[in-house]
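One structure is given below, encoded as structure tokens.
Throughout, protein chains are lettered first and strands after them, A, B, ... in sequence-line order, and every chain is numbered starting at 1. Because only heavy atoms are used, hydrogens play no part in the values below, and waters and symmetry mates are left out as well, while side chains stay in.
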Amino acid sequence: MSPISATNDFVIKFANVNGSGSASANQLFGKSIIRMGVPVAPRNIFPSNIQGLPTWYEIRVSEAGYLGARAGVDFMVAMNPQTWTQDVASILPGGYLFYDSSKPMPKSKFREDINVIGVPLTEMCNREYTDARQRQLFKNIIYVGALSALLDIEVEVLETLIGEQFKGKDKLIQPNIHALHMGRDYALNNLKCPIGLRVRRANAVGDRISIEGNAAAGLGAVYGGATVCAWYPITPSTSLAEAFTKYCTKFRVDPETGENKFAIVQAEDELASIGMVIGAAWNGSRAFTATSGPGISLMQEFLGLAYFAEVPAVIFDVQRTGPSTGMPTRSQQCDVLSCAYASHGDTKHVLLFPEDPHECFTMGAQSFDLADRLQTPIFVLLDLDIGMNERLCAPLEWDDSRLYDRGKIMTYEALEAGKDFGRYLDVDGDGIPYRTYPGTHPKRGSFFTRGSSKDRYAKYTEEATAYKDNMDRLLRKFETAKGLVPRPIETKAKVATRIGALYYGSTSPAMREAAELLAADGMPIDIMRVRGFPFHQDVVDFINAHDEVFIVEQNRDAQLRTLVVNECSIDPARLVPVLHYDGTPITATFISEGIAMRLNPPVQQRLKEAVA
Amino acid sequence: MTYLAKPKLHHPSLQPNQLGFTRRDYEGAISTLCAGCGHDSISAALIQACYQLDLPPHRIAKLSGIGCSSKTPTYFLGASHGFNSVHGRMPSVLTGANLANRDLIYLGVSGDGDSASIGLGQFAHLMRRGVNMTYIVENNGVYGLTKGQFSATSDRGSKSKKGAINADEAIDMAALALQLGATFVARSFSGDKTQLVPLIEAALSHQGTAFIDCISPCVAFNNHVGSTKSFDYVREHNEAVNFLDVITPRAEITTEYDEGAVQEVTQHDGSVLRLRKLAGDYDVNDRIAAMRFLAEHHAQGEIVTGLLFVDPEPEDLHVHIKTVPTPLKELNETALCPGSAALAKLNASLR
Ligand SMILES: Cc1ncc(C[n+]2csc(CCOP(=O)(O)OP(=O)(O)O)c2C)c(N)n1
Ligand code: SF4
Ligand SMILES: [Mg+2]
């Protein structure tokens, strides 16, 4: 089997033990490749545990810029004896296995069809260091050094990064650089360097940045003017609230008094989180919570109240596989329906689907304008794949002349001037009424907020006509929302085609790559990325403009498809689901094969159909 | 804001207070509760207290959960914003509201089902956090609105209207509030307006979490013989520890009392709570002693009422989380948005 040979296009995977300090070394490795101008897409794969269990860090190196996951491993850094067998098995034929060769291993532990590279890491550490923790931490840097020689990574880049990482703790710089060179020198002196896989300086990164979606969304909430955050810890959303805290501490503390221009409360549960958000927003603050599926389940009753009582709220849902006692650290797009139709009674909610951290930021900030404008909960649906992994994306931007859209607010002046105020009065025909903040005017504009037993002036009534009148206005408001949520984006194939595919959120990079693969195989498709719900008319037009439309999702039940069928009255037969739901991120191959199979069924199947 | 004093009128409800508001300005819609329901008396006491304290009605926010008790905010303070939220969750909604605007006066109205059953968790956590508010539980020992099931404050051995005996231990909300850190704890009775009105006034002037457990008989489902929350039963077993006069910061202190018979507490806003002691040497500043006193007298079958505990220098949630004095809802882009330059720097650090 000839060794795999590839430059700037391979997958390297690190198998580590959780809590061994490998994360920062692995990140250092990934970043060095980005600094050489080559895009990478790193992914954390980790169990729901703090220490001791296996974790993996997978980096896809792709000068072409494919940031979706890719199946198969070209180079495995096998640092965890527990997962050795499965790690070795996951290497593609002709791939490489890098391991700690301090202890001899029986031949049966290896494979014939892969290239084995041993470095006596433990032995080197034991010789060099006496302290146990040092031995552990530097072992990681040593393997990064060895990898730099094997893969032809510029060592100066790694040295610079170490300098940046330990800025302010300068004493740590030299020992780390020393460890780096220990590994590098060992490889240069004892192994054939470089191997078939190589990193070559390129210019494919541009001005892009690397940030986790949760961090970007938390920052978006800061820029969007959120002042109240109430949350309850849950993976994979915790780091969103933590990022908001971090950026508020950085940007929102009065330098003179040390006082905070924000309030963050770790609530006792998700019911209390959303209750606080609703209370704060009712009272005129921009407020949000961050949670995941189990939290959404607990918030259902309150979400209905916010819908009926028309209170703004922003909910970041970083999706993970269900249920609460399931696989909390695996990614999915499985809360689409439970968010869209959250709560009892006739309710529907506005959803936004960011594709990457850049959109987590922009949509994160925009969601507060939408919530205020539409006076309703807005869900921003991230998932673990974009939320908890650093993703290369366009730099974050802000227009300093931008003002917050606080929506329709009746002011003291308007009330004083005697303007007619009906809290649920559709003055402008768009279904959106005016509201007053509590405490505005001594005599006018106060109203009582309750679920649904009310008339247009917020007076208590249980009359059937008043109830229906209000429900119909809420539908008009939802219609208005169609024009306010981010529009879908269509990418046409280079040649005219009658085949289309709809997709959303973190599926984005894999879908774009799949479209290229399909086009190369003579199956060009137009693709449309849905960015918000309620669906824009463009979505319906796209479906109508194609004979066959695929809908690509990361859940079992084709949840977005259900929503499209239901809300746009589309014949279900027109929408072919392509569904990925094993908890790993979707890949381009999975999508392209799924689509190709349908467009071009294997010969046998076609024969069978012909006979039947 | 200046308010001109209007000429005095004879009808007491039309007599303006210092802000020029009459009692009627503090009223709400006509109550739809059962005639004689204890909750209506509490609404009347609230109206009286707000009127006497010269509170601007529109600066009060009244929030509630669900139940007959939680319906009452419609029946008082018609010029205030109100929020009838979901069952048992008023505490979180009020906490959020308070975070957004620390300048309003917050009044939470709840029932024993609302706060001791479905909402016990939120009740507890609000007390722990020290939200600046007045929290009134209109406690009738039953679910009124769902027609008379036992609630979690129903005493063991108490009999339902249909004759069932409650076997579960009762939750004493005042004792819980003391344990959880409320800085003002009182118990009263809807049938005793002279006790209740000053307690509400004191609670509203308190700058921390003020809790009042107000026994409020349900005439429809829990006012029979065998109930421990009936008018008769409560009157018979009521043991008041003190009688309160609230002297607002503006009022002059005139009457003199024997030392020893009176305890005076000056609250943070300058109001003076003058307590005529009715139960020996009861000290309202001693939380632990209050807890013991409640437990002992509960064991004797007494219902202890009055001001049970007050911390004259409470710290509220905003102090704990160090928020700016300006209400957060007033902050605009200039105060909140770090701008493009900061973002450019951040971008640079992420490459
Ligand atoms: C989630 C939920 N469950 C049940 C109910 C039905 N419900 C309405 S009021 C109430 C009990 C109210 O009891 P309490 O708080 O003591 O008020 P009261 O009517 O006695 O004043 C219940 C169970 C509800 N509204 N919401
Ligand atoms: S049912 Fe009971 S609590 Fe409800 S209004 Fe009637 S008397 Fe009051
Ligand atoms: Mg009750």
Item checked: A:Tyr247 and A:Tyr223: CA distance, side-chain angles, deciding distance, ring pair (Phe, Tyr, Trp, His ring centres under 6.0 Å) verdict -> CA-CA 10 Å; A:Tyr247 291 124; A:Tyr223 273 72; 8.7 Å; no

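- For A:Asp356 (side chain) and A:His358 (main-chain N/O), a donor-acceptor pair under 3.5 Å exists by modelled atom type.
- Separating the OG1 atom in B:Thr72 from the CG atom in B:Leu46 is a distance of 7.5 Å, to the nearest 0.5 Å.
- The most heavy-atom pairs under 4.5 Å with chain B, out of A:Val228, A:Leu396, A:Leu305, come from A:Leu396.
- Neither the backbone nor the side chain of B:Pro91 comes within contact range of chain A; no heavy atom of the residue lies under 4.5 Å from a heavy atom of that chain.
- In terms of heavy atoms, A:Ala230 sits closest to A:Thr289 at O-OG1, 2.7 Å.
- Between A:Glu268 and B:Arg129 there is a salt bridge, with a side-chain nitrogen of the basic residue lying less than 4.0 Å from a carboxylate oxygen of the acidic one.
- In this structure, chain B has a heavy atom under 4.5 Å from the side chain of A:Arg35, while its backbone stays farther away.
- Interface remark: A:Val205 contributes no atoms to any contact with chain B (heavy atom separation under 4.5 Å).
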Next item on the list: Kindly indicate, with the supporting measurements, whether the criterion salt bridge (Lys or Arg N to Asp or Glu O under 4.0 Å) is fulfilled by A:Asp369 and A:Arg286.
Entry: CA-CA 9 Å; A:Asp369 280 355; A:Arg286 296 192 143 187; 2.8 Å; yes

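- Paired with A:Arg435 under the rule side chain to side chain donor-acceptor pair (under 3.5 Å), one option of A:Thr440, A:Thr449, A:Asp372 passes, and it is A:Asp372.
- The residue among B:Lys322, B:Lys329, B:His81, B:Met90 with the most heavy atom pairs within less than 4.5 Å of chain A is B:His81.
- For B:Ser92 and B:Gln122, the side-chain atoms include at least one donor-acceptor pair closer than 3.5 Å.
- Interface check for chain A: of the options B:Leu317, B:Asp103, B:Asn332, B:Leu99, the most heavy-atom pairs under 4.5 Å are formed by B:Leu99.
- If you tally non-hydrogen atom pairs under 4.5 Å between each of B:Arg89, B:Lys62, B:Arg59, B:His320 and chain A, the highest count goes to B:Arg89.
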Notebook entry, point to check: Going through the distances and angles, do B:Ser115 and B:Ser110 end up as a side chain to side chain donor-acceptor pair (under 3.5 Å)?
Noted result: CA-CA 6 Å; B:Ser115 278; B:Ser110 178; 2.6 Å; yes

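- The pair B:Glu333-A:Arg406 fails the salt-bridge criterion, with no side-chain N (NZ, NE, NH1 or NH2) lying under 4.0 Å from an Asp/Glu carboxylate O.
- Neither the backbone nor the side chain of A:Lys459 comes within less than 4.5 Å of any heavy atom in chain B.
- The six-membered or imidazole ring of B:Phe123 lies near that of B:Tyr135, with a centre-to-centre distance under 6.0 Å.
- Of the two parts of B:Leu63, only the side chain, counted from C-beta on, holds a non-hydrogen atom closer than 4.5 Å to a non-hydrogen atom of chain A.
- Salt-bridge formation is not detected for the pair A:Asp455/A:Arg423: no Lys NZ or Arg NE/NH1/NH2 atom is positioned less than 4.0 Å from an Asp or Glu carboxylate oxygen.
- If you measure heavy-atom distances from A:Leu392 to chain B, you find no contacts under 4.5 Å at all.
- A donor-acceptor contact closer than 3.5 angstrom links the side chains of B:Tyr75 and B:Thr32.
- Note: B:Ala342 leads B:Gly121, B:Pro327, B:Ala342 in heavy-atom pairs under 4.5 Å with chain A.
- With a 4.5 Å cut-off on non-hydrogen atoms, B:Thr74 touches chain A through its backbone and its side chain both.
- Ranking A:Val222, A:Ile274, A:Val277, A:Val311 against chain B, the residue ahead of the rest is A:Val222, based on heavy-atom pairs under 4.5 Å.
- If you measure heavy-atom distances from A:Arg252 to chain B, the contacts under 4.5 Å come from the side chain alone.
- Looking at B:Leu126, neither its backbone nor its side chain comes within 4.5 Å of chain A, counting heavy atoms on both sides.
- Contacts between B:Leu104 and chain A at a heavy-atom distance below 4.5 Å involve the side chain alone, from C-beta outward.
- Between chain B and the options A:Leu271, A:Asp254, A:Ile278, heavy-atom pairs under 4.5 Å are most frequent for A:Leu271.
- Of the listed residues (A:Tyr404, A:Phe447, A:Phe251), the one with the most heavy-atom contacts under 4.5 Å to chain B is A:Tyr404.
- Neither the backbone nor the side chain of B:Leu94 comes within less than 4.5 Å of any heavy atom in chain A.
- Interface remark: A:Ser273 contributes no atoms to any contact with chain B (heavy atom separation under 4.5 Å).
- Counting heavy-atom pairs closer than 4.5 Å to chain A, the top residue among B:Ser349, B:Ser80, B:Ala348, B:Ala344 is B:Ser80.
- For chain B, the option among A:Pro438, A:Gly284, A:Gly439 with the highest count of heavy-atom pairs below 4.5 Å is A:Pro438.
- For B:Tyr106 and A:Asn283, the side-chain atoms include at least one donor-acceptor pair closer than 3.5 Å.
- Neither the backbone nor the side chain of B:Arg128 has a heavy atom closer than 4.5 Å to any heavy atom of chain A.
- For the residue pair B:Thr134/B:His206, the side-chain donor-acceptor check at 3.5 Å is not satisfied.
- The residue among A:Phe361, A:Tyr437, A:Trp282 with the most heavy atom pairs within less than 4.5 Å of chain B is A:Trp282.
- A donor-acceptor pair shorter than 3.5 Å can be found between the side chains of B:His318 and B:Thr323.
- For a residue to count as touching a neighbouring chain, one of its non-hydrogen atoms must lie under 4.5 Å from one of that chain's; by this rule A:Ala287 does not touch chain B.
- Only the backbone of A:Glu397 has a heavy atom closer than 4.5 Å to any heavy atom of chain B.
- Of the two parts of B:Pro57, neither the backbone nor the side chain holds a non-hydrogen atom closer than 4.5 Å to a non-hydrogen atom of chain A.
- Within the 4.5 angstrom heavy-atom criterion, no atom of A:Asp399 approaches chain B.
- Looking at B:Ser85, the atoms closer than 4.5 Å to chain A (heavy atoms on both sides) sit in the backbone and in the side chain alike.
- Under the 6.0 Å cut-off for aromatic ring centres, A:Tyr460 and A:Phe448 do not qualify, their centroids lying 6.0 Å or more apart.
- Of the listed residues (B:Pro325, B:Ala79, B:Cys337, B:Ala341), the one with the most heavy-atom contacts under 4.5 Å to chain A is B:Cys337.
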